[in-house]
Protein chains: 2
Amino acid sequence: MPYTYDYPHPAVTTDIVIFTIRQDELKVLLIKRALPPFQGEWALPGGFVNLDESLEAGARRELEEETGVKDVYLEQLYTFGAPDRDPRERVITVAYYALIPSDKIELRAASDAEGVSWFGLQELPALAFDHAEILQAAHARLAAKLDYSTIAFQFMPKAFTLSELQQVYELILRGPVDKRNFRKRILGLNLIEDTGETRKTGAHRPAKLYRAVDPHRVDVIK
Amino acid sequence: MPYTYDYPHPAVTTDIVIFTIRQDELKVLLIKRALPPFQGEWALPGGFVNLDESLEAGARRELEEETGVKDVYLEQLYTFGAPDRDPRERVITVAYYALIPSDKIELRAASDAEGVSWFGLQELPALAFDHAEILQAAHARLAAKLDYSTIAFQFMPKAFTLSELQQVYELILRGPVDKRNFRKRILGLNLIEDTGETRKTGAHRPAKLYRAVDPHRVDVIK
DNA sequence: TGACTTAGTGTGCTTCTTACACTATAGTTC
DNA sequence: GAACTATAGTGTAAGAAGCACACTAAGTCA
């Protein structure tokens, strides 16, 4: 059933950079393309926008299809529209990025639909289209936002230790963070509270567990 | 001559929030719509993206058509795609904003094609589509960038005084800026240099004129 | 020459940032 | 059960940055 217009229209997709933290690494979800173009290569999840849904709704739909998760942090990143970025036709993609807490994953990706996999940012395969550029832009945005917002909490499970939170910062920023200054700063925000519980993870002192006061909220700070 | 696709495609436009500073006010260029929908109402300049041009090229084309200027600061702002934002068909718009130095305007807008006008942000008319939302997002981005980048220089003519630069900050941030601290900070950046000239503008001491060391460059600072 | 207007300049106080090292508490080993 | 090991948890001092603040300089004009 064809669709006809008086002048040419591009196709519009949403692509999503889905980040999570797993095995002490910042990881991204990629999909092995089953069809040409770039058949067999890895690409960001994404798809065409339905005409009756908003861009964000389209991105959330793709996100849920691939990971099974809802209600996670999702932010529009940038719109990529070089004329030749897709060899089939003109395709403009509105890129989003999503952050998934470590206790929410494995819902569908674990069902391990052959051809869906998490990759550490250090061990990325070659990517289809301009997806390497999109991924790099997403990582840059994420790292920048760590400095002036509370976005890092979006990676955390309901209860977490300060060491775990610090590790998130260190993984994304790719460098060490001073423990005392970090704890002073985070606790000073009054955005997390002591749960009263502790977590024992080995032959050492157990760590206090904290929870976010308002887990979905991302504030600009400083 | 119709264009046919196997599945529905949205239309894609670029809309541009064109800022400049004139008559001691931060102003935005608007166009009175000659055709429905929203005929007779004011709207941001913009238009459909040609299939063989990049998004930024499309935005620059629209910008030059309306103002005659090239080579000014232009940055992608956000992509707006609510399903009902245009009553005719699904239209997704990639919004940009541009900053025009005060010595570059009047090229075409001054030719005053009836229906093109600069508006101060305080005296905006009702806007067509979701353009009020786009404009507000552009102003918020601009104000935020003043704090952590050198974007303000993009408003300045080749030679300018520190008082003029300070006024740009005050207009965009909508509040007073301390003169001594401002001058200390700006001069400390080493991004402007004394031209050796002065400007006399009335019955008072003349002001030194400065120029940007690298006028097109926008750096992140602090 | 005195009045007026905008340009131009420095300091001290406060706040924030940063660097840095030891004690606490659990498990494990012998 | 004593010693060992590993991570959790804590405070301070020095330097940097931010902020508030008031007078002099150099023109024009009456």
Side-chain angles (χ1 to χ4, degrees), chain A residues 21 23-24 102 143-144 146-150 152 156-157 159-171 173-211 219-222, chain B residues 21 23-24 102 143-144 146-150 152 156-157 159-171 173-211 219-222:
Chain A
I21 292 191
Q23 298 157 347
D24 300 342
S102 48
L146 274 204
D147 274 340
Y148 68 87
S149 83
T150 60
M156 306 314 289
F160 54 88
T161 70
L162 286 176
S163 295
E164 288 163 357
L165 183 63
Q166 182 178 341
Q167 198 199 28
V168 169
Y169 276 78
E170 290 177 335
L171 289 173
L173 299 177
R174 299 166 188 257
V177 170
D178 181 88
K179 182 160 65 158
R180 277 178 290 190
N181 294 334
F182 178 78
R183 295 163 101 93
K184 206 185 315 169
R185 192 164 75 87
I186 296 295
L187 291 173
L189 297 174
N190 290 322
L191 295 174
I192 63 174
E193 59 191 11
D194 196 333
T195 63
E197 320 249 301
T198 60
R199 172 175 294 159
K200 303 182 189 181
T201 60
H204 54 83
R205 177 172 176 175
K208 284 188 188 175
L209 285 168
Y210 291 84
R211 76 171 75 88
D219 284 311
V220 171
I221 52 174
K222 248 194 313 185
Chain B
I21 292 193
Q23 299 158 346
D24 300 342
S102 47
L146 274 204
D147 275 340
Y148 67 86
S149 82
T150 60
M156 306 315 288
F160 55 88
T161 70
L162 286 176
S163 294
E164 288 164 356
L165 183 63
Q166 183 178 340
Q167 199 199 28
V168 169
Y169 276 79
E170 291 177 335
L171 289 174
L173 299 176
R174 299 167 187 255
V177 169
D178 181 87
K179 182 158 64 158
R180 280 177 287 193
N181 293 333
F182 178 78
R183 295 162 101 92
K184 206 185 315 170
R185 192 164 75 89
I186 296 294
L187 292 173
L189 297 174
N190 290 322
L191 295 174
I192 62 174
E193 58 191 11
D194 196 333
T195 62
E197 321 246 304
T198 60
R199 171 176 295 159
K200 302 182 188 180
T201 60
H204 54 81
R205 176 173 177 174
K208 284 188 188 175
L209 284 168
Y210 291 84
R211 76 170 75 86
D219 284 311
V220 172
I221 53 176
K222 250 193 311 183

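Quick note: numbers below take in every heavy atom, side chains included, and nothing from hydrogens, waters or symmetry partners. Keep in mind that this is a model prediction, so the values were computed, not measured. Just so it is clear: chains get the letters A, B, ... in the order the sequence lines come, proteins before strands, and each one is counted from 1.
- The residue among B:Arg185 and A:Pro206 whose nearest nucleotide of DNA chain D is located toward the 5' end is A:Pro206.
- At whole-Å resolution of the value, CG in B:Leu189 and P in D:dG18 are 11 Å apart.
- Between A:Ile221 atom CD1 and C:dT17 atom P the separation is 10 Å, expressed in whole Å.
- The interatomic distance linking B:Asn181 (CG) with C:dT11 (P) rounds to 14 Å, in whole Å.
- Atom pair B:Asp147:CG and D:dA17:C1' shows a separation of 15 Å (rounding to whole Å applied).
- Not less than 6.0 angstrom separates the ring centroid of B:Tyr210 from the ring centroid of B:Phe160.
- A donor-acceptor pair is defined here as one N or O able to donate and one able to accept, closer than 3.5 Å; no such pair exists between the side chain of A:Asp219 and the backbone of A:Ile221.
- Between B:Glu164 and B:Arg199 there is a salt bridge, with a side-chain nitrogen of the basic residue lying less than 4.0 Å from a carboxylate oxygen of the acidic one.
- Rounded to an integer number of Å, the gap from B:Asp194 CG to C:dA7 C1' is 13 Å.
- Across the protein-nucleic acid pair, B:Glu170 atom CD and C:dT6 atom P stand 13 Å apart, rounded to whole Å.
- Each of A:Lys184 and B:Ala203 was matched to the nucleotide of DNA chain C holding its nearest heavy atom; the match closer to the 5' end belongs to B:Ala203.
- Taking atom NE2 of residue A:His204 and atom P of nucleotide C:dC22, one finds them 22 Å apart after rounding to whole Å.
- Under a 3.5 Å cut-off, the side chain of B:Thr195 and the backbone N or O of B:Leu209 do form a donor-acceptor pair.
- Contact annotation: A:Arg183 reaches the phosphate of D:dG9 (side-chain N/O to OP1 or OP2, under 4.0 Å).
- A donor and an acceptor atom sit less than 3.5 Å apart, one in the side chain of A:Arg180 and one in the base of C:dA21.
- Checking the phosphate oxygens (OP1, OP2) of C:dT6, no side-chain nitrogen or oxygen of B:Ser163 falls inside 4.0 Å.
- The base of C:dG8 lies close enough to the side chain of B:Lys179 for a donor and an acceptor atom to sit less than 3.5 Å apart.
- In terms of polar N and O atoms assigned as donor or acceptor, the side chain of A:Arg199 never comes within less than 3.5 Å of the base of D:dA8 in a complementary pairing.
- B:Arg205 places its CZ atom 12 Å from the C1' atom of D:dC23, with the value rounded to the nearest Å.
- Residue B:Asn181 forms a side chain to side chain contact (heavy atoms under 4.5 Å, CB included) with just one option from B:Arg183, B:Lys179, B:Lys184, and that option is B:Lys184.
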